[in-house]
Protein chains: 2
Amino acid sequence: MADTTADAPACDVDGTCYCPLTGVISTLSQKYAIQLVSIIGAHDSLRFAEIEAHLPTASTSTISKRLDEFEEAGLVSRTQYNEIPPRVEYALTKDGDELRARLEPLLEWAASTE
Amino acid sequence: MADTTADAPACDVDGTCYCPLTGVISTLSQKYAIQLVSIIGAHDSLRFAEIEAHLPTASTSTISKRLDEFEEAGLVSRTQYNEIPPRVEYALTKDGDELRARLEPLLEWAASTE
DNA sequence: CAGGATCCTTATAGATACTG
DNA sequence: CAGTATCTATAAGGATCCTG
């Protein structure tokens, strides 16, 4: 762990820059985002109401927003069945599962520190 | 990946509940929090101004707040030297480094997806 | 059932100015 | 240098109502 070379750009010694809040990290910095990935990943697929039941402290609109963001980020797939009553299934995509895998150690450790 | 047993509490199949936003996860859900852990962890110790230089898009007050929260959570240590001009060094604690280790795969992967 | 639209409240961050 | 205090702007989340 060397120190900064003083003339380097305002980023990291190894050239990696975490400065801007971009991509997945900014998506994860939303309320309940981490938990949602974990919850969806714990199942093959889930319906909206099921997700709500797993995260009772989050409001409908918050969950809805997170799911939209995840879908746009390609982390979650949304499958709509045109039945009556309507049915929608959410599941992690391959990318979403990559994320989940990297989140798991974090969540386990976090749970153990409480 | 089994599905819910329907009668289970509004948590996870395996009994794990991620519902409330608590502890480390809520600390991490703050702006720049993840990056800060990573930046501090990339050095043995850092002064306030150095941290600012590594995260130029974050304001002084935001960084200050994050550092306070980290210190309170026992993730970062703050060492003050009573010199003139004053000098303060921030470093990850053992716990903070545990966290950093679990964050690293996430950050690497996140960077690769951009 | 799934969730969008709206309105409202709170949380959070940023700018600025100032101090030990 | 290393912040804190204050204020303001904005974003984010929650409650409620409503619809395909």
Practice task
Mind jotting down which residue pairs meet the salt bridge (Lys or Arg N to Asp or Glu O under 4.0 Å) criterion with at least one end in residues 56-70 of chain B? Sequence neighbours excluded, please.
Solution key: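 Output for this query lists B:R66-B:E69.
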Practice task
Keeping to residues at least two apart or across chains, list the salt bridge (Lys or Arg N to Asp or Glu O under 4.0 Å) pairs with something in residues 70-84 of chain A.
Solution key: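 Those involving residues 70-84 of chain A are A:E83-A:R87.
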Handout entry: B/S/- contact track for nucleotides 5-16 of chain D, protein heavy atom under 4.0 Å
Key = --------BBB-
Without decimals, in angstroms, what is the distance between [X] [atom1] and [N] [atom2]?
X	N	atom1	atom2	answer
B:Q80	D:dG3	CD	C1'	10 Å
B:L55	C:dA13	CG	C1'	13 Å
A:I84	D:dT19	CD1	P	17 Å
A:I51	C:dC1	CD1	P	15 Å
B:E52	C:dA15	CD	C1'	13 Å
B:E83	D:dG3	CD	P	13 Å

Exercise for the section: Please report the shortest heavy-atom distance between A:D95 and B:W109, naming the atom on each side. Expected result: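 In this case the closest contact between A:D95 and B:W109 is O-CZ2, 3.5 Å.
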Practice task
Determine the minimum heavy-atom distance between A:I40 and A:L46, stating which atoms define it.
Solution key: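 Taking every non-hydrogen atom into account, CA-CD1, 4.0 Å.
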Exercise for the section: Show your reasoning for whether salt bridge (charged side-chain N to carboxylate O under 4.0 Å, His left out) applies to B:R102 and B:E98. Expected result: CA-CA 7 Å; B:R102 286 163 177 82; B:E98 291 282 327; 2.8 Å; yes
Practice task
Say whether, by atom type as modelled, one donor and one acceptor occur between the side chain of A:T93 and the main chain of A:L75 under 3.5 angstrom.
Solution key: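 The answer is yes, because a donor-acceptor pair under 3.5 Å joins these two groups.
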Problem - Side-chain (A:Y32) to main-chain (A:T57) donor-acceptor, under 3.5 angstrom - result: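 Yes, the answer is positive, given that a donor and an acceptor are paired below the 3.5 Å cut-off.
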Exercise for the section: Run the salt-bridge test on B:E104 and B:R100 with the 4.0 Å N-O cut-off and return the result as yes or no. Expected result: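 So B:E104 pairs with B:R100 through a salt bridge.
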Exercise for the section: Find the bend of the helix from C:dC1-D:dG20 to C:dG20-D:dC1 as the angle between its two terminal axes (five pairs each), to the nearest 10°. Expected result: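 It works out to 60° between the end axes.
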Exercise for the section: Please work out if A:D68 contacts a base, only the sugar-phosphate, or nothing of the nucleic acid, heavy-atom cut-off 4.0 Å. Expected result: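 Sugar-phosphate, backbone atoms only, no base.
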Practice task
Give a yes/no answer on whether the side chain of B:R78 brings an N or O atom under 4.0 Å of OP1 or OP2 in D:dG3.
Solution key: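 Answer yes for this pair, as a side-chain N or O of B:R78 is under 4.0 Å from OP1 or OP2.
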Handout entry: A:R47 side chain near C:dC1 phosphate (N/O to OP1/OP2, under 4.0 Å)
Key =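 Answer no for this pair, as no side-chain N or O of A:R47 is under 4.0 Å from OP1 or OP2.
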Exercise for the section: Find the distance between CG (A:L92) and CZ (A:F70) and round it off to the nearest 0.5 Å. Expected result: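 Those atoms lie 9.0 Å apart.
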Practice task
Rounded to the nearest 0.5 Å, what's the gap from CG on A:L67 to CG on A:L36? Could you check?
Solution key: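 Going from the CG atom of A:L67 to the CG atom of A:L36 covers 6.0 Å.
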Problem - Within residues 86-93 of chain A, residues whose heavy atoms come under 4.0 Å of DNA chain D - result: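 Hits under 4.0 Å, by residue number: A:P86.
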Practice task
Would you please name every residue forming a side chain to side chain contact (heavy atoms under 4.5 Å, CB included) with A:A110, sequence neighbours left out?
Solution key: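 Scan of A:A110 (side chain to side chain contact (heavy atoms under 4.5 Å, CB included), adjacent residues dropped) gives B:V24, B:I25.
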